[in-house]
Amino acid sequence: MTGNPPGADEGATPDAPASDTSVRLAAYHRAPTSEAEANNADIALSLHLAIEREAGWEPLFDNYGVFFARTSETPPALGTSDEIIRSLVDPCLLATPDGGYAVVATRVARGGGPDGTERSSVLVAVSPDLLEFREVGLLELPTAAGVHRPAAAYDAAAGAYVLTWVDEAGSPFHCTVGDLGDASTVGAPVPGEAAIPGLIDAAGIPGAADRASTLRVPADVARALEIRLGPIRNTGAEPLAAIEVPAGATLAPAMLPARLHLTYDDGSTGSLAIAWDLDALAAIDTAAAGDHEVPGAVIQPVYPTPFADERADPSIVPVEVDGERRFLMIATKDLHMDPVANSGEPVGMPIRMAARIEDLSDEALEAGRVAEVDLLVHGSLDARGEAMTGCFWAPEIHLIDGTLSILFMPSYGDPTDMWTGRASIVQLRKAADGRHLDPTVPAHWTAARQVVRADGSALNHLQGISLDMTYLEDSGTHYYSWQMLGSVFIATFDPADPTRLTSDPVRILAPEFAWDNLIAEGPNIHRRGDTLHLLYSGSSVGDSYTTGLATAPAGAGVDLTDPAAWRRLGHPIQKSGPYNGEMQLGTGHGMWSEDEHGNLLYVFHARTDHKGLTGRDTFVRRVHWAADGMPVLDMETEEELLPELRDVSVTVRVR
């Protein structure tokens, strides 16, 4: 952390100049309120950012945290516990002389109480661009009297940082620091407060605690933050080129544009399919030259919210049945927030099949357009002849080496004991001609078999339970990834024997932040270009449930059982917050999917009280890819498509 950034004035802090090329940011923590406002202590006690507008401060990311303190130690084998979860307060954002940024803050225990480190240290993190942060750790200071409300800035003239704080008695001190990552460069504490530029009263920032630090950053840095943390909106569409046909030609729907190509304010693009007025096309007389307009409508289904009541951990997959494309939907029954025994109501593993996504919904079920069948029920026997009595959690449908398969977790015992649950597989039988049988018929599936280690022992040697299994093939290697011990594990297997691993389970994601706190589960993976995007869920299964993201190289032969192959985002990719004018809570345990028009979907559950019910409900959304390559899982209806672009027309020019 040496040297001056380009354009820094000698003797000044390395702050972008106050001009049209810079934007002022504010950094702060919030006063905790409630999970229902996505502002419980786990979320509030983290670094938040707001951007200065003409009308005042505008919080980014729906005023959610963007940098969270890590656990005080690497989570042990049995997983993360309250005792090691950490939060932060009083963050101060500063520029570093290498052109990057740093944060100093007071680290606290989960919930905001002291964790002991505030007696003599500050928490330090660095970032090249404010999009992702790396926690450096605790910087020890030569005091044991308390370090509170820390603030820092770089003094280019002195070639060192100035760090100021107040002790337990409220007395101010300051010192110099040569390197924020090296305690040996810390100078002796000096009584009195050092002047740190940019500290303000946070009263003008919605929800902020009593102090904020401000910093001017280049406009391109602020813009990248807006892309990553703010809404992305449709700005227009590419004009539809006229279709020219010779006189006497026969017109066909395939001659018309299939999709409307859209532009967005972050520089990204997207497209949606078009439904053309085929009667208008058929009415065109091509015997004479002339121009004809064919009207159409952009296909932008707004799926019911919720899509299906009390159906958690949903999976929707396109399949081929009798030569026709169909969609299967399967989920965990979560009646009255009791996914183990369903509050005394029938336990089962429900499946639906339809030709269109919307015909899988509860609306379609109530209208008789789709039926729901339980493939397994209380008492169904597994391949060992043992009765499965409950749970049937997180069923996912995958095509494994050409065979339609369901990965899920059944439990055993009477009453059902969730801790007996084991990741298991059923596979769809095929007819003599090699085609799959009807997947909605329970008898067409094999008996459930547990997935085990290479030596035949249980996946989870410490607790037994294993769940949330998903499947991935990359560079010719087949992988299972699943949850056990509160973390996400991965291992290889041979699809010729899908019940047995060929490598030891390796933990690749453990909950390390207050936002995912005690659990990382529900992995599901999508390849886009040369990147694998793994979504997982954290926190509890209630209102605070949240979706995280980890990425790895795709198609490069990388060993995905190496934890170093995975790069993890430090804040959620999807969270509780506003959507289409309503608050959505407890988003998580989703699956990548695809609709009948080739759009990428994210199918997940969230908490509602729809119809007076209290379970986790299925939601369906299209996915947008931002200009920075990140998935946007909650693009609102009018952000995706301007209302004035919903109706289109194309000119058919007969020559």
Side-chain angles (χ1 to χ4, degrees), residues 34-40 62 300-316 327-354 356-374 391-395 522 537 539-547 572 574-591 593 595 601-623 633-640:
S34 68
E35 289 183 355
E37 297 173 288
N39 189 48
N40 54 310
D62 298 320
Q300 188 197 22
V302 178
Y303 298 107
T305 54
F307 187 81
D309 286 307
E310 300 192 309
R311 296 294 181 266
D313 317 325
S315 172
I316 293 179
F327 292 90
L328 294 177
M329 172 182 165
I330 197 165
T332 301
K333 275 190 181 179
D334 191 34
L335 306 184
H336 313 295
M337 280 293 285
D338 177 11
V340 177
N342 290 171
S343 296
E345 297 187 35
V347 174
M349 190 164 74
I351 193 169
R352 304 176 188 181
M353 183 170 70
R356 304 184 308 161
I357 296 287
E358 46 260 63
D359 285 339
L360 295 170
S361 68
D362 277 0
E363 279 186 9
L365 187 68
E366 292 163 3
R369 300 197 307 273
V370 70
E372 183 175 88
V373 176
D374 281 330
C391 292
F392 304 117
W393 284 357
S537 299
S539 190
S540 70
V541 297
D543 288 352
S544 65
Y545 210 43
T546 308
T547 306
Q574 187 198 35
K575 56 185 176 47
S576 295
Y579 179 80
N580 275 357
E582 296 183 3
M583 194 70 170
Q584 61 176 17
L585 295 173
T587 62
H589 202 124
M591 183 173 181
S593 186
D595 70 9
L601 297 179
Y602 180 52
V603 182
F604 63 99
H605 73 239
R607 291 268 287 117
T608 78
D609 58 0
H610 187 240
K611 296 183 178 179
L613 303 172
T614 57
R616 297 166 293 161
D617 304 334
T618 295
F619 289 75
V620 180
R621 301 267 166 77
R622 281 175 298 280
V623 177
L633 305 180
D634 286 319
M635 178 169 275
E636 297 190 356
T637 303
E638 292 193 5
E639 291 170 354
E640 182 183 44

Requested in this report: Would you sort out whether Tyr303 and Ile357 count as a side-chain contact (heavy atoms from CB on, under 4.5 Å), showing the intermediate values?
Outcome: CA-CA 9 Å; Tyr303 298 107; Ile357 296 287; 3.5 Å; yes
Can you measure from [atom1] ([X]) to [atom2] ([Y]) and round to the nearest 0.5 angstrom?
X	Y	atom1	atom2	value
Phe307	Met329	CZ	CE	6.0 Å
Met583	Asp543	CE	CG	9.5 Å
Thr618	Arg311	OG1	CZ	8.0 Å
Asp309	Arg616	CG	CZ	13.5 Å
Asn580	Thr305	CG	OG1	8.0 Å
Asp634	Phe619	CG	CZ	10.0 Å

Does [Y] offer a backbone N or O that forms a donor-acceptor pair with the side chain of [X] under 3.5 Å?
X	Y	answer
Ser576	Gly586	yes
Thr608	His610	yes
Arg352	Leu360	yes
Glu358	Pro301	no
Ser544	Glu35	no

Report task. In plain terms, say whether Glu366 and Lys611 are close enough for a salt bridge, that is, a side-chain N and a carboxylate O under 4.0 Å apart. Result -> yes
Query raised in the report: Between Lys575 and Asp62, is there a salt bridge with N-O shorter than 4.0 Å?
Result: yes
Query raised in the report: Taking it one step at a time, do Asp617 and Glu310 satisfy side-chain contact (heavy atoms from CB on, under 4.5 Å)?
Result: CA-CA 5 Å; Asp617 304 334; Glu310 300 192 309; 4.1 Å; yes
Query raised in the report: Considering residues at least two apart in sequence or located in another chain, which fulfil the salt bridge (Lys or Arg N to Asp or Glu O under 4.0 Å) criterion with Arg622?
Result: Glu640
Under the rule for ring pair (Phe, Tyr, Trp, His ring centres under 6.0 Å), what residues qualify as partners of [X], not counting sequence neighbours?
X	answer
His589	none
Tyr602	Phe604
Tyr545	His605

Which pair of heavy atoms, one from [X] and one from [Y], lies closest together, and at what distance?
X	Y	value
Leu585	Ala606	O-CB, 3.3 Å
Val623	Leu601	CG2-C, 3.6 Å
Val603	Ser593	CG2-CB, 4.0 Å
Pro395	Ser315	O-CB, 3.5 Å
Gly615	Arg607	O-NH1, 3.8 Å

Requested in this report: Evaluate the criterion side chain to side chain donor-acceptor pair (under 3.5 Å) for residue pair Ser34 and Glu37; output intermediate values, then yes/no.
Outcome: CA-CA 5 Å; Ser34 68; Glu37 297 173 288; 3.2 Å; yes
Heavy-atom side-chain proximity of [X] to [Y] below 4.5 angstrom:
X	Y	answer
Ile316	Val620	yes
Arg621	Tyr579	yes
Met353	Glu372	no

Report summary line: Sorted by chain and number, sequence neighbours left out, side chain to side chain donor-acceptor pair (under 3.5 Å) with Glu582 holds for none
Acceptor/donor pairs from residues 339-349 side chains to any protein atom, 3.5 angstrom cut, sequence neighbours excluded:
unit_1 : atom_1 : unit_2 : atom_2 : d
Asn342 : ND2    : Lys333 : O      : 3.2
Asn342 : ND2    : Asp338 : O      : 2.9
Glu345 : OE2    : His336 : NE2    : 2.8

